Amino acid sequence: MDAVTGAAKALAESSFAVALTGAGVSAESGVPTFRGPGGLWERYRPEDLATPEAFAKDPVLVWRWYRWRQEVIRAASPNPAHIALARLEELGVLKAVITQNVDGLHQRAGSRRVVELHGNIWRVRCVSCGLVEALDGPVSEIPPRCKRCGGLMRPDVVWFGEPLPQKAWEEALAYAGSADVMLVVGTSALVHPAALLPRVAKSRGAVLININPAETPLDEMADFNIRGRAGEVLPKLAQAVEAWLRT
Ligand code: BJW
Ligand code: ZN
């Protein structure tokens, strides 16, 4: 049995499967990843753009980068990987998608239970009074100002050195702890604490499926390593799951 067939069987026989996704799931939508060839951290330094210190020092610089990313994401559409994950949820197989992505593409593809560990690029938050506002497109004014107190608004995402939103982290831990299958897609599994979730699932006996064209630290722990692009592998996997469910 090849890895896709084995993984499909595990998913079809599971009673509580959850997915953990990273930037690789959106790569084929044209949203750049952070690490690896062509990744954002080849061109930009994370400490200049994705830390609270960077924002305090130069909010305009940080906002220019986020506005550019908002423009890229606005022009992007969900790809076959996002759509296959939404289909697996519709089939009743997948109970939730835990994502490190801030692009909202899982929701646009139709996934309903999405836990966002690192926030969402389509929200802003006031650094002075905490007001949170949803955006309907890239910010027009840089830096945006709070309509309640005039304070600086920041992207409502999680930067290095910041804690994850408590509710999202608790939900993610509960999903990982209850999972009998965890499908990990398109993450380098280097950023903590998100990278702990597959370990949590595995330590409770879950079957780990890892989809990635490159090696990751999860490979040695995974039951199935499927080397390939998410947009090619996941539709095949979802189809194979449907076939198993019919048998
Ligand atoms: C494909 C593909 C295709 C390509 N198909 N696949 C040890 C323990 C705990 C913490 C730390 C630790 N050591 C250091 C830390 C701190 C730090 C950390 O983890 N650093 C590591 C880098 C070493 N973590 C933090 O600071 C976190 N906070 C924290 O720990 O708080 C503690 C605290 C508690 C109480 C009070 C105060 C503090 C926060 C981390 C926040 C990460 N933020 C970012 C930016 C988000 C906003 C934004 O988007 O701008 O999140 S950084 C960036 O990395 C982004 C991502 O979500 C995250 C993960 O990246 P991801 O998704 O894995 O993408 P890539 O690019 O790394 O990988 C892409 C993969 O796709 C590759 O494997 C490719 O091969 C693959 N791929 N094409 C499938 N077609
Ligand atoms: Zn405010």
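Side chains are part of it too, since the values below use all heavy atoms of this structure and drop only hydrogens, waters and symmetry mates. Remember, it's 1-based here, ligands and their atoms both numbered in the order they're listed. Just so you know, these numbers come straight off a predicted model, no measurement behind them.
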Got R35 and V191 here, is their nearest side-chain heavy-atom distance under 4.5 Å? yes
Checking a contact table here: which protein heavy atom is nearest atom 62 (O) of ligand 1, and how many Å away? A23 N, 2.8 Å
Quick one: are R69 and R74 in side-chain contact, heavy atoms under 4.5 Å? no
Looking just at side-chain N and O atoms, do N210 and D219 make a donor-acceptor pair shorter than 3.5 Å? yes
Ligand 1 atoms nearer than 4.0 angstrom to some heavy atom of A214 are 75 (O)
Among all protein heavy atoms in this structure, tell me which lies nearest to atom 34 (C) of ligand 1, with the distance rounded to 0.1 Å. P163 CB, 4.0 Å
E28 heavy atoms, cut-off 4.0 Å: which ligand 1 atoms fall inside? 3 (C), 5 (N), 80 (N)
Would one find an N or O of F160, backbone or side chain, under 3.5 Å from an N or O of ligand 1? no
Cluster question for you: counting only ILVMFWY and a side-chain heavy-atom cut-off of under 4.5 Å, with indirect links fine, are V184 and F224 together? no
Verify atom 15 (C) of ligand 1: protein non-hydrogen atom under 4.0 angstrom away: no
Please give me the minimum heavy-atom distance between T33 and A27, naming the atom from each residue. CG2-CB, 4.1 Å
Name the closest protein heavy atom to atom 43 (N) of ligand 1, giving the residue it belongs to and the distance to 0.1 Å. V158 O, 2.9 Å
Taking the side chain as C-beta and beyond, is there a heavy-atom pair between V127 and M153 under 4.5 Å? no
With heavy-atom distances below 4.0 Å as the criterion, list the atoms of ligand 1 near E162. 27 (C), 28 (N), 29 (C), 31 (O), 38 (C), 39 (C)
Quick one: nearest non-hydrogen protein atom to atom 77 (N) of ligand 1, plus distance? G24 CA, 3.7 Å
Against heavy atoms of V157, which atoms of ligand 1 measure under 4.0 Å? 47 (C)
Run the numbers for me: atoms of ligand 1, each under 4.0 Å from some heavy atom of G22, listed by number. 62 (O)
Here the pair of heavy atoms bringing A76 nearest to S29 is CB-O, 3.4 Å
Ion pair R125/E133, N-O distance below 4.0 Å: no
Who gets closest to atom 67 (O) of ligand 1 by heavy atom: S188, P193, P217, G119? S188
Heavy-atom closest pair (V181 atom, A206 atom, distance to 0.1 Å) is N-CB, 4.2 Å
Looking only at side-chain N and O atoms, does Q166 offer a donor or acceptor that is under 3.5 Å from a partner on E171? no
Check contact between G161 and ligand 1, using heavy atoms of the residue and a distance below 4.0 angstrom. yes
With the Zn ion (ligand 2) as the apex, the SG/SG angle for C129 and C149 - to 10°: 110°
Judged on heavy-atom distance to atom 54 (O) of ligand 1, which of R35, R229, E116 sits nearest? R35
In terms of heavy-atom contacts, T216 and S188 come closest through CB-O, 4.2 Å
Please give me the minimum heavy-atom distance between N225 and A222, naming the atom from each residue. OD1-CB, 3.6 Å
What residue and atom, counting heavy atoms only, is the protein's closest point to atom 27 (C) of ligand 1, and at what distance? H192 O, 3.2 Å
Please state which option from P213, A230, G38 has its nearest heavy atom closest to atom 6 (N) of ligand 1. P213
Using a distance threshold of 4.0 Å (strictly less than), state whether atom 45 (C) of ligand 1 has a protein heavy-atom neighbour. yes
Parallel, tilted or perpendicular for W159 and F55, by the 30°/60° rule? tilted
State whether any protein heavy atom lies less than 4.0 Å from atom 41 (C) of ligand 1. yes
Identify the closest protein heavy atom to atom 49 (O) of ligand 1: which residue and atom is it, and at what distance? R69 NH2, 2.7 Å
Return the closest protein heavy atom for atom 59 (C) of ligand 1 as residue, atom name and distance. Q100 OE1, 3.3 Å
Protein contact to atom 69 (C) of ligand 1 [nearest heavy atom, distance to 0.1 Å]: G186 O, 3.7 Å
Considering only heavy atoms, which of H118, R227, E232, Q166 lies nearest to atom 51 (O) of ligand 1? H118
Ligand 1 to Y66, heavy atom cutoff 4.0 Å, flagged ligand atoms 47 (C), 48 (C), 50 (O)
Do L197 and L173 have side-chain heavy atoms sitting under 4.5 Å apart? yes
Determine whether the side chain, the backbone, both or neither of T187 has a heavy atom under 4.0 Å from any heavy atom of ligand 1. both
Among N212, N101, L49, the residue with a heavy atom nearest to atom 75 (O) of ligand 1 is N212
May I ask you to check if ligand 1 and V102 share an N or O to N or O distance below 3.5 Å? no
Report the part of L190 (side chain from C-beta onward, or backbone N, CA, C, O) that has a heavy atom under 4.0 Å from ligand 1; answer both or neither where that applies. backbone
Do V158 and P165 touch side chain to side chain, with heavy atoms closer than 4.5 Å? yes
Filtering W65, F34, W159 for the heavy atom nearest atom 53 (C) of ligand 1 leaves F34
Check against side chain to side chain donor-acceptor pair (under 3.5 Å), R154 and Y66: CA-CA 10 Å; R154 58 165 279 178; Y66 275 93; over 6 Å; no
Under 3.5 Å side-chain donor-acceptor pair for T21 and H82: no
